[in-house]
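The block underneath contains the structure these notes are about, expressed in structure tokens.
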There are 2 protein chains.
Amino acid sequence: MSNLSTTSDDILASTRHLLISGGYNGFSYADISEIVGIRKASIHHHFPSKVDLVRELVKRYREDGQASVGVLEQKVPNALDILKAYANHWAACIEDASRPYCVCAMLASELPSLPTEVATEVTNFFRFISSWLASVMERGSKQGELSLTSAPHVEAETFLATVYGAMLSARANGKPEVFSMILEPALNRLTPTVSH
Amino acid sequence: MSNLSTTSDDILASTRHLLISGGYNGFSYADISEIVGIRKASIHHHFPSKVDLVRELVKRYREDGQASVGVLEQKVPNALDILKAYANHWAACIEDASRPYCVCAMLASELPSLPTEVATEVTNFFRFISSWLASVMERGSKQGELSLTSAPHVEAETFLATVYGAMLSARANGKPEVFSMILEPALNRLTPTVSH
DNA sequence: TTTATTCTTCCTACTAGTTGGTAGTTTCGA
DNA sequence: TCGAAACTACCAACTAGTAGGAAGAATAAA
């Protein structure tokens, strides 16, 4: 019924890898075929067009993200700890070079030149992340787990920009540790001070 | 001696435009030829290869940046005002859609797949911006024009990440105003509080 | 149980169009 | 008359995508 590893999953995995390193126009079906070990034409059987392939990839990327967020919210009650976990997730990905960049950050840069179907899926991803972070900010502020200096949705956008900016800086400098260097003070700023 | 508009400048200008919208692999000599109004082969006369073209573009982009920074430092004495001017520069570019994204942000995302000669020129740009911002932070801190909560070079990287992250957010949301929304509180945070 | 049929997945072989780049020639102003 | 800048006309390699067939597994009919 459900295999551990299907060809279609392998194609998506290698696409994600290629996408992270060079963007939408930076890879071809030939590249995927080499990694997966099947012929170019066979990829078209699973994903008729390149747009289908990347659209599906981004859709699943968002769905997986939504699922992970659900688990995180259940396991971690404190809003600050949620933000720390989110930051640590990316810190780990960047540091061990497994997924050193966000697929949607890559595609967002290319947004104006992307096929519309892919573009809308990318904006959907950012809508989801933004509103999730805003909800975390709002809840954390109300419960005294976060100290905000601006409106929750502004703090959410700022935090998101810091994470994605730090991701770019780490890549531009070729130094993974830059990510944590930037995020540590950013999280400290959101930490409530103990009254004394 | 020096024309107001040379073909080579037109090629560079259209390349910048194309680069901002779709990255290194998102444009071709055919695209440039259409915009500039000369044949593909004629572009090769000015820039033998695509690598030459983009390398030269990024080199000039950094040089122009260095010149602008020089002028800014002369005209504006206050460190906070310099940071505000830098932020306003990008806010204006994004808002009037003239250059709604940084060429080097685009190329930094693609860094792992870029020809090495272009890649080194891109990292040079970020080295320059980082160290310039660090010097502004340090000077501003010493003269009481900026209130830092971390070491100057950390604040510099944080500010840079915020600017570039905000640029990406503006693009991802399709809302230019998001940039200023993020940068305003970021600058407030650096503003010294008047003692009373 | 055997046979026939369908479906899935992969294959070879191909296409039309694009890519960056070259060779050699013309045009034209200094 | 010389050099820069443009041109026409190529090229090999690569692009996404198609047509049609072979192998095998699952399903249905005998």
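Letters go in sequence order (proteins before strands), and every chain restarts at 1.
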Original post:
Do the side-chain N or O atoms of B/Ser28 get closer than 4.0 angstrom to the phosphate oxygens (OP1, OP2) of C/dT18?
Top reply: no
Original post:
Can you check the B/His44 NE2 to D/dT8 C1' distance for me, whole Å?
Top reply: 14 Å
**OP:** Among D/dT15, C/dG20, C/dC11, find the nucleotide with the atom closest to the side chain of A/Ser42.
**Re:** C/dC11
Original post:
Does OP1 or OP2 of D/dT18 have a side-chain N or O of A/His45 closer than 4.0 Å?
Top reply: no
Original post:
Think B/Ser49 has a side-chain N or O under 4.0 angstrom from the OP1 or OP2 of C/dG20?
Top reply: no
Original post:
Taking the six-membered ring of B/Phe125, is the NZ or CZ of B/Lys59 close enough (under 6.0 Å from the centre) and on axis enough (within 45°)?
Top reply: no
Original post:
Do A/Thr120 and A/Arg55 have side-chain N/O donor and acceptor atoms under 3.5 Å apart?
Top reply: no
Original post:
For C/dC10, does either OP1 or OP2 sit under 4.0 Å from a side-chain N or O belonging to A/Thr7?
Top reply: yes
Original post:
Using 30° and 60° as the class limits, which term best fits the ring planes of B/Phe128 and B/Trp132: parallel, tilted or perpendicular?
Top reply: parallel
Original post:
Are A/Arg16 and A/Tyr61 in a cation-pi setup, meaning NZ or CZ lies under 6.0 angstrom from the ring centre and within 45 degrees of the ring axis?
Top reply: no
**OP:** Send over the distance from A/Phe47 CZ to D/dT15 C1', rounded to a whole Å.
**Re:** 19 Å
Original post:
Does B/Lys50 make a side-chain donor-acceptor contact with the base of C/dG21, cut-off 3.5 Å?
Top reply: no
